[in-house]
Amino acid sequence: MSILIDETTNVIVQGITGRDGSFHAGQMIEYGTNIVGGVTPGKGGLHEHGKPVFNSVKEAKDSVGADASVIYVPAKFAKGAVQEAIDAEIPLIICITEGVPVNDMVSLYHQVKAKGLTLIGPNCPGLISPGKSKIGIMPGSICTPGKVGVISRSGTLTYEIVYALTSMGIGQSTCVGIGGDPIVGSNFRDILAHFEADPDTEAVVLIGEIGGDEEEKTAAYIKDHVSTPCFAYIVGASAPEGRTMGHAGAIVSGNAGTAASKQAAFRDAGVPVAATLDEMAELVSKSFA
Amino acid sequence: MNIHEYQSKSLFQGAEIPVPEGRLALSVDEAVAAWAELQAPLVAVKAQVHIGGRGKAGGVKLARSEDEVREAAEAILGMDIKGHTVHRLWIEKGSDIAREAYLSVILDRTDKSIGFIASSEGGMDIEEVAESTPDKILRFGSNDYTFPEEEAAKAASELFGGEGVAGALDIMRKLFQLFLDKDLQLAEINPLVLTGDGNVIALDGKITIDDNALMRQPDLVDLRDLNEDNPAEIEAKEKGLAFIQLDGDIGCMVNGAGLAMATLDMIKLHGGDPANFLDVGGSSNPEKVVNAFRYILSEGRVKAVLINIFGGITRCDDIAKGILKAFETMEITVPVVVRLAGTNAEEGKALLQGSKLIPASTFSEAVKKTISLGKGEDA
């Protein structure tokens, strides 16, 4: 099984006529994702990759139906695009766009929670249920179906760990990139709850990074609520204090947000912590041996 | 992006938040001229640097005469405060302080809200107050961009022990609006002051602006002080690259912030010392790679370069084209190790075949090779 998406998920693409939106719509279709249409205001009536383009999310949903919407619009339009998806009550909204002003996310976050929808991102690679469906920008070729769930704040690190697992013959149930911004729609705990409820996910890999206190909270959550074995890796141990390391959320200030604090929290919760990605793959491999 | 106190106060003024009258001075003579213009019996001469703890470091002095202003300005200009050199002074009319409080609006990433922090303990490090007397910190916020009227009124009535309530509430409202209008991450007034005649004013100001929002805040971009930021880092950002200069000699070009951080960690783990953090970002075009080489090699310290790419939205063939273009247009004498994986990796590798780039098939192999080559050893 998998979480959040599978072969039955119908997906629309917001920003389908843009450079990135069009390229990745093509990649998703090639992977087997059910792309049922796209949205670009002013381009309704056109077709992209043979799929109908609509002027609004609502129009798209009413015409072709949609369980999920993936957003590739430029940063200054991201707030409006997510709002449109919320107003159309799309159950699963994935915002790939990076560079979204952080204050834009405040109201969107709470609207999504109030309506019982799921938002992943922004500034994320999306998610993939190998062999079934992928939404976002993850390269499908590196994944293989299996029983390990992956949750990561970073896109490229998700690819690295998935690639390492696949090379060792360990498949994945679903891989979710939650995004590296200070406010993202879903945190580790939200996704962990799905994996915990999925009988076919037998282990979960968590890729955290410096900044904030989400990893510490996740460790506490695992202690109380999660029986599925978890493994953690924290990136950014060598980052200098006070410098934002690319992700707006990745910053160490004083003693807050350090890799050491996060690693200690996971160890305290009984979660093995890997020093490198290779070591992570080995730990998971041993647990399946 | 951080800005100076005087710039924060100028934004406060624009939002009709009362601040003491002052003048910017870039030299001792300008400081003396500011004193003459202000015609006040007492002025504060304040260092303008992007770092806290100026007072303790001697960067803030009171002056009651032209000679005292001159003396203070001479002492503070050029002073080093925790690695920040003072190039600018703010000369400000002295205030009649009856009580001091603390007020800030922040982006609260825990509650996902626009949060207020208020305390009757002003003028001190708020983190220390939170540590020693947490009950003196009031916190509340807004999830939907509307001003939290009720909680703010309650906080305002507590800040100065029942005095200056209207003034404090008015400032809270205006600070909140300024925070939203200018896309701020932090707007701090410490201390917020109740004066002897019952007015509430912002005696200090600290503002952080969301870098992501500068695209729609063109006026704020001009507030950047290049003495405080690394100009190469700023320029790189304008070209779509996240670049941070570090102290080592292994240059890095990586896609994705997470993998870039992991690359730095891995270099350190294998005994190397990274020269920089560089994320070429998503949807890279070849031009970005050329620019990335320019920043990595600009300091002249770099002994080897590691290009570590795992393509998702980034296409490895785009990166490969950029690398080849960089080698055509620049003189690159240090060894460059390249590891490509993910989207269009095979196309990328094919493009690089026959060039003088050193291929590596895995992340750890690439790191080890680069470190050895940097030491002048055979990889």
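Lettering follows sequence order; numbering is per chain, from 1.
Salt-bridge annotation for A:Lys262 and A:Glu209: absent, with no side-chain N of the basic residue lying under 4.0 Å from a carboxylate O of the acidic one. Using a cutoff of 4.0 Å between basic side-chain nitrogens and carboxylate oxygens, B:Arg301 and B:Asp247 are not scored as salt-bridged.
Residue with the most contacts toward chain B among A:Glu214, A:Glu160, A:Met138: A:Glu160 (heavy-atom pairs, distance under 4.5 Å). Comparing A:Val235, A:Thr276, A:Ile234 by heavy-atom pairs within less than 4.5 Å of chain B, the highest count is held by A:Val235.
Looking at A:Ser141, neither its backbone nor its side chain comes within 4.5 Å of chain B, counting heavy atoms on both sides. Only the side chain of B:Gln185 comes within less than 4.5 Å of a heavy atom in chain A; its backbone stays farther off. Interface residue B:Lys268: only side-chain heavy atoms are found under 4.5 Å from chain A. Using a 4.5 Å cut-off between heavy atoms, A:Leu277 touches chain B through its side chain atoms alone. With a 4.5 angstrom heavy-atom cutoff, B:Asp211 does not touch chain A via any of its atoms. With a 4.5 Å cut-off on non-hydrogen atoms, A:Asn103 touches chain B through its backbone and its side chain both. Contacts between B:Thr362 and chain A at a heavy-atom distance below 4.5 Å are absent for every atom of the residue. Neither the backbone nor the side chain of B:Leu214 has a heavy atom closer than 4.5 Å to any heavy atom of chain A. With a 4.5 angstrom heavy-atom cutoff, B:Glu233 touches chain A only via side-chain atoms. The parts of B:Ala262 that come within reach of chain A are both its backbone and its side chain, each placing non-hydrogen atoms under 4.5 angstrom from that chain. Looking at B:Leu269, only its side chain comes within 4.5 Å of chain A, counting heavy atoms on both sides. Both the backbone and the side chain of B:Phe179 come within contact range of chain A, judged by heavy atoms closer than 4.5 Å.
Annotation: A:Lys76, atom NZ; neighbour count of heavy atoms from other residues, nucleotides and ligands within 6.0 Å does not exceed 12. By the 6.0 Å contact criterion, NZ on B:Lys206 is open, its count of non-hydrogen atoms from other residues, nucleotides or ligands being 12 or less. The local environment of CD in B:Glu365 is crowded, with over 12 non-hydrogen atoms from other residues, nucleotides or ligands closer than 6.0 Å. Heavy atoms from other residues, nucleotides or ligands lying under 6.0 Å from OH of A:Tyr163 number 12 at most.
The shortest side-chain heavy-atom distance between B:Cys316 and B:Glu347 does not fall under the 4.5 Å cut-off. Using a 4.5 Å heavy-atom threshold, the side chains of A:Met168 and A:Glu282 count as touching.
Listed here is the closest heavy atom pair of B:Phe176 and B:Tyr145: CE2-O, 3.5 Å.
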